[in-house]
Each structure stands twice: as C-alpha cells, then as structure tokens.
Amino acid sequence: MNKTWWKESVIYQIYPRSFKDSNGDGIGDLKGITQKLDYLKELGINVIWLSPIYKSPNDDNGYDISNYQDIMTEFGTMEDFDQLLQKAHDCGIKIIMDLVVNHTSNEHHWFKESRKSKDNKYRDYYIWKSGVNLQPPNNWESSFNGSAWEYDESTNMYFLHLFSKKQPDLNWENDTVRNEIYKMMKWWLNKGIDGFRMDVINLISKDQMYPDGEIRKGHSLGNFAPYSFNGPRINEFLKEMNKEVLSKYDIVTVGETPKVNIQEAMNYVDEKRNELNMVFQFELMGLGNGNHGKWSNAPFKLTDIKKIMTKWQKGLEDGGWNSLFWNNHDQPRVVSRFGNDKEYWEQSAKMLATCLHMMQGTPFIYQGEEIGMTNVAFKSIEDYRDIETINAYKEQVNIKEKNPLEMMAAINARGRDNARTPVQWDESENAGFTTGKPWIKVNPNYKQINVKSQLEEPNSIFNYYKQLIDIRSKNQIVVYGIYNLILEDNEELYAYTRTLGEEKLLIICNFVDRISKFNLPQSIKYSSQKLIIGNYKISNGVNIKSIEMKPYEARVYLLKC
Ligand code: NOJ
C-alpha cells in the first residue's frame with residue numbers, strides 16, 4: 001500500500017454559511033473562518049474542505065454557481081479567500097475546495113448565453129432537447145421534485161436539470177466545456193489550493209439515448225439514476241481530467257459518488273488507474289430509508305451497519321482507499337441518528353467517533369460534530385431553509401396529502417437543515433455565531449452544547465476528538481492496519497481489529513444504552529495489552545477476555561503478539 005499525506009490526514013468540512021459570521025449580516029463568511037483557524041489547529045485537523053464559496057444566487061446554498069472564479073458576495077472577497085488560504089497554510093492546514101461541475105446556476109453567463117438562441121456559441125454547453133407532444137423529452141424526475149426538464153420559451157426547447165431548475169446540467173460530451181472546466185480547476189490549483197471534493201461527479205456522463213426511467217412506488221415521474229450515475233464515459237472523463245489537471249499537482253481528490261458499488265468505486269480510486277483518490281459512497285446513509293426514500297422509515301439493525309462498513313473496508317483494501325464519515329451538510333447529525341442525544345449524549349458521541357476514526361480510510365469531521373451538535377427539530381416548516389426539504393414538504397403534504405405531522409417528523413429526523421444550523425460557539429445570544437439575525441435559527445440547545453464549554457471541560461467530546469486525531473497521527477497502524485470484523489452477529493457491540501505487522505488494535509463499541517458483554521474470540525492471541533483510548537474511566541489492567549461494556553462505551557486496545 002502506498003503511503004501518502006492524504007491517507008494520514010483528518011479532514012474537517014466547513015459549510016461556510018453556518019460556520020462563523022464576522023460582519024453581523026447573519027451569514028457565515030470567509031473572515032469568520034479565518035478567525036477560527038486557531039480553533040481548528042487546536043483540534044488537530046490537517047485539511048479543511050470548504051463547501052462552495054463561489055458567486056451564487058443561492059438557490060441551493062452555493063451548489064448553484066454563477067461564476068467559478070469569484071466569491072459569493074455574502075462570504076467576502078477574493079482577497080479574503082487569499083488571506084484565508086495563506087493563514088491556513090501558515091497553520092499547517094491545507095484547503096480543498098468544492099468543485100460543482102455537473103451543473104452551474106442558470107445565472108452563469110454560459111447559461112444566459114446558451115438559452116438565447118439555437119446557434120449561440122454556448123448553446124451546446126448545456127443539454128437541450130425538444131419536447132414530445134408538448135411534454136418534456138423524457139419522464140425523469142429531478143432530485144428536488146418535479147420534472148428534470150424545464151421548458152424555455154425563447155427557443156421552444158427543454159433543458160435538463162437533475163437538481164433544481166436553477167441548476168442546469170452541463171454537457172460533458174462537449175470538449176469545449178471540459179476544457180473550460182479544466183482551465184478553471186488549474187486557476188484555483190495555481191493559487192495554491194490543495195485539492196477538490198467533487199460534487200456528484202459520477203453524474204457527468206449521461207446515457208445519450210435519454211430513455212424514460214422506471215416510476216418507483218410513491219413517485220409519479222421516472223428514475224434518472226440508471227441512466228446518469230456512473231454513465232458510459234465517466235471513467236474516460238475522469239482519466240482525462242486527471243491527465244490534464246490533477247496529475248500535475250500534489251493534491252487530494254474526493255469524488256461524491258452516490259449509487260456506486262464496490263467495483264465502480266474501485267475503478268474511480270484504484271491507485272493504478274489515475275482517476276480520483278477517494279469517493280464518498282452513501283450506502284450507510286441510505287440505511288433506514290423506507291418506500292418513499294428518506295422521508296419514510298424502514299427499521300435497521302446494528303448488523304446492517306456492520307455489514308455495510310465491513311463491505312467497504314474490505315472492498316477497497318487492496319489498492320483503493322476509503323473516505324470515512326458519519327455526517328456532512330446533507331445528512332442529519334450522527335449523535336441523533338445512530339447514538340443517543342439525550343441521556344447518553346456525551347458517551348454515544350464519543351463512541352461513534354471511536355468507531356469511525358479507528359477504521360481504515362481518511363476521516364472527515366463535519367463542523368459541530370466535534371462538540372456533539374444534535375438534530376434540531378423545528379416546529380414549523382417556515383423555519384426550514386433547504387430547497388430539498390421545502391420542495392419535498394410541498395409535494396408530500398400539499399399534493400400527495402401526507403399528514404403534515406408525519407412529514408415534519410420525517411424532516412426532523414432526516415432533513416438537511418439538521419446539519420446546517422449555525423455552529424454553537426458559546427452561550428451568548430445566537431450561540432456567538434452572529435451579532436445579527438442568523439439566516440437559519442440556532443439550535444435551542446446551544447447553552448448546553450457549545451465550543452466554549454467543550455474547550456473548558458477536559459473530558460469533553462471536543463477533547464476526545466482531539467485525542468483520536470492525535471492517536472492517528474502517531475500510530476501508523478490506525479492509518480494502514482488491515483481491518484477485520486469480529487463478533488459479526490452481535491446486535492449490540494461493534495468490534496473489530498486492525499493489524500499491522502506484530503501489532504493489533506482491538507476496537508470495541510457498545511451501540512446500546514445498557515451493559516453488553518464482550519467476549520474476546522479465542523483466535524485473537526496477544527502477549528501484552530495497552531488501553532489507547534476509552535470513553536469511560538477504567539484502569540488499564542482489566543482482563544479483556546471478558547468485559548462488561550457500559551452503555552455506549554468504547555475502548556481501543558493495542559495488543560502485541
Ligand atoms: C450534492 C451536494 O452535497 C448537495 O448539497 C447538493 O444539493 C447537490 N449535490 C447538488 O449540487
């Protein structure tokens with residue numbers, strides 16, 4: 001296995017809108033991030049991933065870009081960005097940017113030109129099709145509800161948007177589009193940024209036949225996924241991007257790739273293939289989805305989590321590399337989802353962190369996770385800001401007549417705004433996020449859960465994350481050790497080992513709110529044991545052959561053979 005800096009790093013995701021507001025307009029900004037670099041240095045992370053900061057009308061909070069080489073007005077200026085990059089580098093922190101090139105904003109000048117006429121120079125930058133019998137070209141449903149095609153009067157044709165109608169899809173079949181994108185990527189890399197997280201990058205190659213999609217239960221339109229994800233030319237495009245751009249820099253790339261299987265993911269990240277370094281796959285994030293996707297529930301067990309995690313740990317072990325995450329700006333907060341955000345808030349947040357950070361791959365921490373931020377549960381839909389949530393509510397409640405209370409419960413459990421409430425810095429008004437009116441309400445629990453109190457408390461979740469990061473940085477076994485699941489069928493304990501040479505790590509995590517008994521499999525032999533980290537006070541000398549694991553307890557032992 002090749003050793004690289006990005007395999008040995010911990011990456012921290014910042015959603016700038018909700019991180020820290022420096023000028024009182026209620027919206028987080030670049031200067032706010034710069035102000036908090038010391039905090040991130042204290043935590044010990046190595047890389048920041050910045051969600052989009054480019055010029056944008058904010059239909060999808062910056063994932064709709066109107067100018068790739070300019071900064072969103074609310075976030076500041078290019079000088080603010082240069083300063084942030086410089087200061088981060090001075091602190092030994094790298095910065096990777098979000099690259100959103102499956103689509104642009106409809107306010108991007110390419111699109112404004114493209115829609116003007118059929119012979120416009122930019123026409124072919126986007127995907128235009130004629131309607132059929134006054135209907136859209138096919139039955140695809142957009143990710144944010146409604147048809148994925150929008151009719152445009154000026155030329156009497158439809159354009160494709162797999163997300164909102166303000167996010168037209170770029171036409172990657174067009175060489176000029178690809179070259180423009182590569183040029184823009186080089187411009188940022190020449191500024192000194194350290195890589196890219198690539199938004200839905202496995203959507204860029206579409207099936208050129210544009211067939212109708214299957215109409216799944218609970219939907220009235222067709223599923224575009226089989227004809228857009230991992231499409232016919234995706235690997236060719238990524239290889240070209242790698243050759244033209246990525247290979248020329250010492251950077252890290254992580255592709256957001258929903259709906260990938262192991263083989264497809266391996267094709268993207270295999271060290272021998274020269275495409276990407278890592279992908280985000282979402283198999284675990286889909287756990288609990290019912291008939292109506294994430295807005296409905298299906299029961300799941302701990303063994304389901306273990307199966308998925310283990311499949312990916314083993315699947316990419318040979319020549320690939322995993323990204324490790326519980327959270328991001330599209331997902332609910334992990335302590336509310338897989339932990340217990342009430343009685344065992346602290347223990348379960350630390351247990352979940354242990355379980356993930358001891359695996360093989362590069363861990364990603366999403367802002368606020370390191371202080372145990374929880375889901376929010378606003379009472380009214382009026383308090384939500386996310387386009388996906390608002391559109392889904394309108395469709396389910398106003399059109400499909402779903403019970404509004406049921407829909408609110410689903411939104412409170414799975415909606416994206418759970419992750420987007422402002423970072424809770426202290427117990428002052430608006431959690432110290434802004435002196436103005438925040439663009440989205442602060443989670444009312446900020447008086448109990450905030451950075452200030454976490455920094456003061458030696459046994460806090462923050463200090464535990466700090467320790468986990470430190471352990472990884474000092475122990476190659478945490479980075480490169482081979483993963484093996486033990487106690488496969490146990491529904492309470494997630495236990496696994498990591499092996500490197502003569503050493504073994506034993507990780508035991510209790511996922512339930514009661515005592516659970518751990519019995520060490522006889523196949524694990526050792527001559528000495530050392531407790532590396534744990535979330536309860538225990539002495540080192542215990543007999544690890546049989547342990548009563550307390551509610552949400554986690555322990556990591558280093559065993560020598
Ligand atoms: C994935 C991003 O993570 C999400 O926030 C966004 O809405 C879509 N891609 C569209 O860009």
Side-chain angles (χ1 to χ4, degrees), residues 11 13-19 28 49-68 72 96-108 111 126-127 140-146 148 150 159-170 172 181 196-204 206 224-225 228-230 234 253-260 276 278-286 293-295 323 325-333 364 366-367 369 384-392 411 414-421 439-440:
I11 304 184
Q13 184 191 352
I14 291 185
Y15 194 69
R17 209 174 177 75
S18 305
F19 190 68
W49 150 27
L50 277 184
S51 275
I53 56 164
Y54 315 92
K55 192 72 100 196
S56 164
N58 274 310
D59 193 48
D60 186 18
N61 285 356
Y63 284 90
D64 49 321
I65 297 169
S66 54
N67 187 340
Y68 288 108
M72 191 187 298
I96 68 173
M97 304 274 286
D98 221 303
L99 182 78
V100 189
V101 289
N102 173 66
H103 44 266
T104 67
S105 161
N106 65 342
E107 295 183 32
H108 193 290
F111 189 76
Y126 295 86
I127 301 167
W140 292 2
E141 179 176 30
S142 107
S143 308
F144 294 157
N145 302 97
E150 180 73 3
F159 66 86
L160 179 71
H161 61 90
L162 295 181
F163 294 89
S164 97
K165 58 183 175 212
K166 285 184 65 63
Q167 292 168 295
D169 280 52
L170 281 165
W172 273 72
I181 290 170
F196 292 109
R197 172 268 185 188
M198 303 182 184
D199 191 64
V200 284
I201 198 68
N202 62 335
L203 275 183
I204 58 180
K206 277 93 177 164
F224 68 70
S228 302
F229 283 112
N230 313 303
I234 181 68
T253 54
V254 44
E256 188 203 26
T257 58
K259 302 196 193 292
V260 274
L276 302 173
M278 285 179 264
V279 292
F280 290 130
Q281 50 77 20
F282 294 93
E283 196 169 345
L284 185 77
M285 295 294 122
K294 71 189 214 181
W295 308 122
S323 68
F325 68 99
W326 286 130
N327 276 122
N328 66 32
H329 62 290
D330 294 330
Q331 300 295 333
R333 294 280 179 182
F364 287 72
Y366 178 69
Q367 65 183 35
E369 179 186 330
Y384 285 94
R385 298 285 173 267
D386 170 31
I387 181 169
E388 181 191 60
T389 301
I390 294 167
N391 287 1
I411 289 172
R414 299 291 295 280
R416 306 198 298 182
D417 279 341
N418 281 307
R420 300 176 182 187
T421 62
W439 70 276
I440 184 169

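In listed order, ligands and their atoms are each counted from 1. Counting begins at 1 with the first residue of the sequence.
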Has Arg17 got its NZ or CZ under 6.0 Å from the middle of the six-membered ring of Trp439, at an angle within 45 degrees of the ring axis?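 The answer is yes, since Arg17 meets both limits relative to Trp439.
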Ring centers of Phe111, His161 separated by less than 6.0 Å: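 No, ring centres 6.0 Å or more apart.
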Taking the six-membered ring for Trp, are Phe325 and Phe280 closer than 6.0 Å centroid to centroid?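 Ring-ring flag for Phe325/Phe280: true, centres closer than 6.0 Å.
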Going by the rule ring-ring contact (aromatic ring centres under 6.0 Å, His included), which residues pair with His108 if we only count those two or more places apart in sequence or in a different chain?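 So His108 forms a ring-ring contact (aromatic ring centres under 6.0 Å, His included) with Tyr68, Trp110.
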I'd like to check the ring-ring contact (aromatic ring centres under 6.0 Å, His included) partners of Tyr366; sequence neighbours left out, ordered by chain and number.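 So Tyr366 forms no ring-ring contact (aromatic ring centres under 6.0 Å, His included) with any residue.
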With Arg416 via side chain to side chain donor-acceptor pair (under 3.5 Å) - residues at least two apart: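 Checked Arg416 against side chain to side chain donor-acceptor pair (under 3.5 Å); matches are Asp60, Asp330, Asp386.
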Could you give the N/O to N/O pairs under 3.5 Å linking ligand 1 and the protein, each with its distance?
{"unit_1": "ligand 1", "atom_1": "3 (O)", "unit_2": "Arg197", "atom_2": "NH2", "d": "3.1"}
{"unit_1": "ligand 1", "atom_1": "3 (O)", "unit_2": "His329", "atom_2": "NE2", "d": "2.8"}
{"unit_1": "ligand 1", "atom_1": "3 (O)", "unit_2": "Asp330", "atom_2": "OD2", "d": "2.5"}
{"unit_1": "ligand 1", "atom_1": "5 (O)", "unit_2": "His329", "atom_2": "NE2", "d": "3.0"}
{"unit_1": "ligand 1", "atom_1": "5 (O)", "unit_2": "Asp330", "atom_2": "OD1", "d": "2.8"}
{"unit_1": "ligand 1", "atom_1": "5 (O)", "unit_2": "Asp330", "atom_2": "OD2", "d": "3.4"}
{"unit_1": "ligand 1", "atom_1": "5 (O)", "unit_2": "Arg416", "atom_2": "NH1", "d": "3.3"}
{"unit_1": "ligand 1", "atom_1": "7 (O)", "unit_2": "Asp60", "atom_2": "OD1", "d": "3.4"}
{"unit_1": "ligand 1", "atom_1": "7 (O)", "unit_2": "Asp60", "atom_2": "OD2", "d": "2.5"}
{"unit_1": "ligand 1", "atom_1": "7 (O)", "unit_2": "Arg416", "atom_2": "NH1", "d": "3.0"}
{"unit_1": "ligand 1", "atom_1": "9 (N)", "unit_2": "Asp199", "atom_2": "OD1", "d": "2.9"}
{"unit_1": "ligand 1", "atom_1": "9 (N)", "unit_2": "Asp199", "atom_2": "OD2", "d": "3.2"}
{"unit_1": "ligand 1", "atom_1": "11 (O)", "unit_2": "His103", "atom_2": "NE2", "d": "3.0"}
{"unit_1": "ligand 1", "atom_1": "11 (O)", "unit_2": "Asp199", "atom_2": "OD2", "d": "2.7"}

